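Within every chain, numbering begins at 1; the chains are lettered A, B, ... in the order of the sequence lines, protein sequences first and strands thereafter. Quick caveat, the model's predicted, so the values are computed rather than measured.
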Amino acid sequence: MCISISQVSRFRVHLIGSSCYERVHGCLKINSSPRLLDVRASSVDGTKNRWIRRNASTSTTTQGSKRSSNAKSSVLGGAVPITRIIDAESVTKIQQPFETLQQRLAKNKDLSNLLTVIVTDLETSGLSRVKSRIIEIAAQDLAGGVNSTFQTLVNPGVPIFNANIHGIRNDMVCRPEVPRMEELIPIFLRYVESRQKPGGYAIIVAHNGKTFDFQFLINEFSRCSFEIPDNWLFFDSLPLARDCMKSVEAEVKLKATLSALGDYFNLSRDGEAHRALSDVLLLSQVFQRLTINQKLSLSDLVLRSYTVSDLTSAIAKNKKD
DNA sequence: GAGTGAATTTGGGAGTGCGT
DNA sequence: ACGCACTCCCAAATTCACTC
């Protein structure tokens, strides 16, 4: 049974399957081969210390006779190795020390009364996460209704160099009626809050959001000394689109851009490409088709989403690297 | 048990795709 | 142009089945 996310308010069946939860963000990378585990080995004097890959089981039985495993990896450099073999059960315990917010939330039997799905899109003054700023923001609550759509230009306070992309020029945003980000954030917060259900969560959806839109949003909130509410989750539609395009049998590999997805689902665009509202309206339709196509339930949506701390730790890690 | 070769798995680097 | 995630390819490491 497959239900579009757009039917949130009428949604009754919440779990189609948990198989979609392939990329558990925030967890340690799991070795795809259960037999192979990394074992740290060092010599007694501590001068040699390196990682080797070793069979978790040190012996196997073949045709009734016991047989030792690869002898080459059992001794290192002639010294007596101090090894710590980690069994699969221990690895599982290490990898899942806590239940994440998403896992806890996904267990809820009445997710439709908790979640608000808001599709967003940003236009920016450039591609640099450091130097560029948001110049337009649009959002749409998939549940629809009165005041479900939000759109505004933003005065970035910096020059716009990529007007050729979106057509937004400096003179369009440097006007008294165009809010600056610090003025807009409280308005945007009120908009999202007005769409949320009592005690519920908002899932902010954006295409390539993890590496673009969400980073800009988090940076702008931080720059303006605002905190992103704890009851916001973030969902990137790009991996979902890639999964969908991968499953399509076609002679030419299909792209996962928003425009290509619109064409694939035979959707018409209302407005110019690379304008926030136009892209949001298209992404809303595309996202609904993707959820149907990929049989994505609300719990899958929650499990594949990110908390703000998931995203900020990823940003911090990238800065460190 | 030792040795061999095919099959499988992993990790790194290069290239590509995605957003504006 | 910027920066991140993903994909593909290849070499190296490792496992496994088999023979002697």
### Query
Quick one: SG on Cys174(A) to CG on Asn155(A), what's the gap to the nearest 0.5 Å?
5.0 Å
Rounded to whole angstrom units, what separation is found between the [atom1] atom of [X] and the [atom2] atom of [N]?
X         : N       : atom1 : atom2 : answer
Arg304(A) : dA5(C)  : CZ    : C1'   : 14 Å
Leu283(A) : dT20(B) : CG    : P     : 10 Å
Glu220(A) : dT20(B) : CD    : C1'   : 14 Å
Asp236(A) : dG17(B) : CG    : C1'   : 13 Å
Gln215(A) : dC4(C)  : CD    : P     : 7 Å
Leu261(A) : dG17(B) : CG    : P     : 15 Å
Asp279(A) : dG19(B) : CG    : P     : 9 Å
Ile204(A) : dG19(B) : CD1   : P     : 19 Å

Within the 4.5 Å heavy-atom criterion, are [X] and [Y] side-chain neighbours or not?
X         : Y         : answer
Phe265(A) : Leu290(A) : yes
Ile118(A) : Leu142(A) : no
Trp232(A) : Val308(A) : no

By the 4.0 Å heavy-atom rule, please label [X] as base, sugar-phosphate, or nothing.
X         : result
Ile135(A) : nothing
His207(A) : sugar-phosphate
Ala206(A) : nothing
Asp213(A) : nothing
Lys131(A) : nothing

For the side chain of [X], counting heavy atoms from C-beta on, which of [options] is nearest?
X         : options                  : value
Arg129(A) : dC2(C), dC18(B), dT20(B) : dC2(C)
Lys255(A) : dT20(B), dA5(C), dC18(B) : dC18(B)
Arg242(A) : dG19(B), dC6(C), dG3(C)  : dC6(C)

### Message
Under a 4.0 Å threshold between the charged nitrogen and the carboxylate oxygen, would Lys210(A) count as salt-bridged to Asp236(A)?
### Response
no
### Query
Are OP1 or OP2 of dT20(B) and a side-chain N or O of His166(A) less than 4.0 angstrom apart?
no
